[in-house]
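Heads up, the thing below is written out as structure tokens.
The shown structure was predicted, so the numbers you read here are calculated from the model rather than taken from an experiment.
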Amino acid sequence: MVVGNTDPSRRRVLAGALATIAASVVPGAGWARSGNRRLKFRHLHTDERLDVVYFADGRYQPRALLKIDHLLRDWRVDQRIRIDHGVLDILHDVQVYCRTFCEVEVLSGYRTAATNAQLRRRSRGVAKRSLHMVGKAVDMRLDQVPLSTTRRSAIDLGRGGVGYYPRSNFVHVDTGQVRTWGG
């Protein structure tokens, strides 16, 4: 199901305001107030963990981004691609919106075309032209946050696609067109 798009500029203003409010009231979120952006990851297939400030001093941090690219690689064939910074910002802002800085539990980041085709043969839910293949999508959930809350937060940001897979216990976020599906 595709949900109608509300005014994207209004959503951005709302998301920014909520992020500012959350950063000022969440204990221990001083780094968010300072303009730094931090993510903690746990990849559920490899059990790798990463806690990294990927944006600081007004710019993305190249070493941190390389670490994120490695963690979000196609683990099946050990190949990586540059992950879209916008996806990272969505993950960060969903956490701010949810008032938590717990681990982002990753089910899927980058996928090669071969991996995507293999997954498509097993599931109707895998898109032929998946944004995972170009580093613009992540399938995830937030530790300690209800899946429905994570979904609602991502939708409210209004910055890309949000797929909801409650039976498989994950939310898909991407930097494509604003749209929603699943349920």
Side-chain angles (χ1 to χ4, degrees), residues 11-12 14-16 18-23 26 28-29 31-56 59-75 80-111 130-165 168-182:
R11 282 185 169 214
R12 272 192 221 104
L14 176 62
L18 289 170
T20 301
I21 291 166
V26 174
W31 57 268
R33 231 183 349 260
S34 70
N36 292 348
R37 298 180 206 149
R38 172 182 172 200
L39 286 167
K40 293 191 299 186
F41 293 99
R42 176 173 172 231
H43 198 294
L44 297 177
H45 293 289
T46 65
D47 202 33
E48 294 169 289
R49 285 186 156 87
L50 178 64
D51 183 345
V52 65
V53 174
Y54 72 95
F55 185 92
R59 60 194 226 13
Y60 292 95
Q61 302 298 301
R63 287 185 183 157
L65 295 173
L66 288 173
K67 291 177 183 179
I68 293 171
D69 294 346
H70 177 76
L71 183 112
L72 296 178
R73 73 193 181 281
D74 185 335
W75 57 273
R80 65 181 172 187
I81 193 172
R82 174 51 50 115
I83 300 298
D84 183 354
H85 303 160
V87 172
L88 303 178
D89 291 339
I90 289 170
L91 295 174
H92 173 267
D93 292 348
V94 164
Q95 286 191 310
V96 171
Y97 196 97
C98 290
R99 295 182 175 200
T100 184
F101 296 96
C102 61
E103 287 182 324
V104 176
E105 297 180 336
V106 176
L107 286 89
S108 185
Y110 168 63
R111 292 186 205 142
S130 171
L131 290 175
H132 286 278
M133 298 188 303
V134 291
K136 294 184 176 195
V138 174
D139 294 340
M140 52 75 75
R141 60 182 176 239
L142 294 177
D143 184 36
Q144 305 170 15
V145 177
L147 200 63
S148 60
T149 302
T150 302
R151 172 185 180 253
R152 174 51 44 205
S153 300
I155 290 170
D156 287 351
L157 289 176
R159 295 207 318 251
V162 179
Y164 185 53
Y165 299 89
S168 300
N169 195 23
F170 74 89
V171 172
H172 166 101
V173 295
D174 68 49
T175 55
Q177 294 179 342
V178 174
R179 66 217 186 282
T180 64
W181 65 92

Note, [X] side chain near [Y] side chain (heavy atom, < 4.5 Å):
X	Y	answer
Arg179	Asp174	yes
Gln144	Leu142	no
Gln61	Val52	no
Asp47	Arg49	yes
Leu91	Phe41	yes
Leu88	Leu39	yes
Arg38	Phe101	no
Thr150	Val94	yes

Just by distance, do the side chain of [X] and the backbone of [Y] share a donor-acceptor pair under 3.5 Å?
X	Y	result
Arg73	His70	yes
Gln95	Cys102	yes
His132	Tyr110	no
Arg37	Asp89	no

When rounded to the nearest 0.5 angstrom, what is the spacing between [atom1] in [X] and [atom2] in [Y]?
X	Y	atom1	atom2	result
Ile68	Tyr54	CD1	OH	7.5 Å
His92	Phe55	NE2	CZ	10.0 Å
Arg141	Arg42	CZ	CZ	8.0 Å
Ser108	Leu44	OG	CG	11.0 Å
Ile81	Asp74	CD1	CG	10.5 Å
Leu65	Ile83	CG	CD1	10.0 Å

Take Val171 and Val162, measure what side-chain contact (heavy atoms from CB on, under 4.5 Å) needs, and give me the verdict at the end.
CA-CA 7 Å; Val171 172; Val162 179; 3.9 Å; yes
Can you see which heavy atom on [X] is nearest to which on [Y], and at what distance?
X	Y	answer
Ala64	Val53	CB-O, 3.3 Å
Gly158	Val178	O-CG2, 3.4 Å
Ser153	Tyr97	OG-CD2, 3.0 Å
Arg151	Gly182	NH2-O, 4.4 Å

Only one of His45, Arg80, Glu48 passes side-chain contact (heavy atoms from CB on, under 4.5 Å) with Trp75; say which it is.
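Among the candidates, only His45 passes.
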Any ion pair linking Arg82 and Asp69 (charged N to carboxylate O, less than 4.0 Å)?
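Salt bridge flag = yes for Arg82 with Asp69.
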Check this for me: does any side-chain nitrogen of one of Asp143 and Lys40 sit under 4.0 Å from a carboxylate oxygen of the other?
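Answer for the salt bridge query: no.
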Go through the steps to decide whether Leu131 and Thr175 satisfy the test side-chain contact (heavy atoms from CB on, under 4.5 Å), and finish with yes or no.
CA-CA 8 Å; Leu131 290 175; Thr175 55; 5.5 Å; no
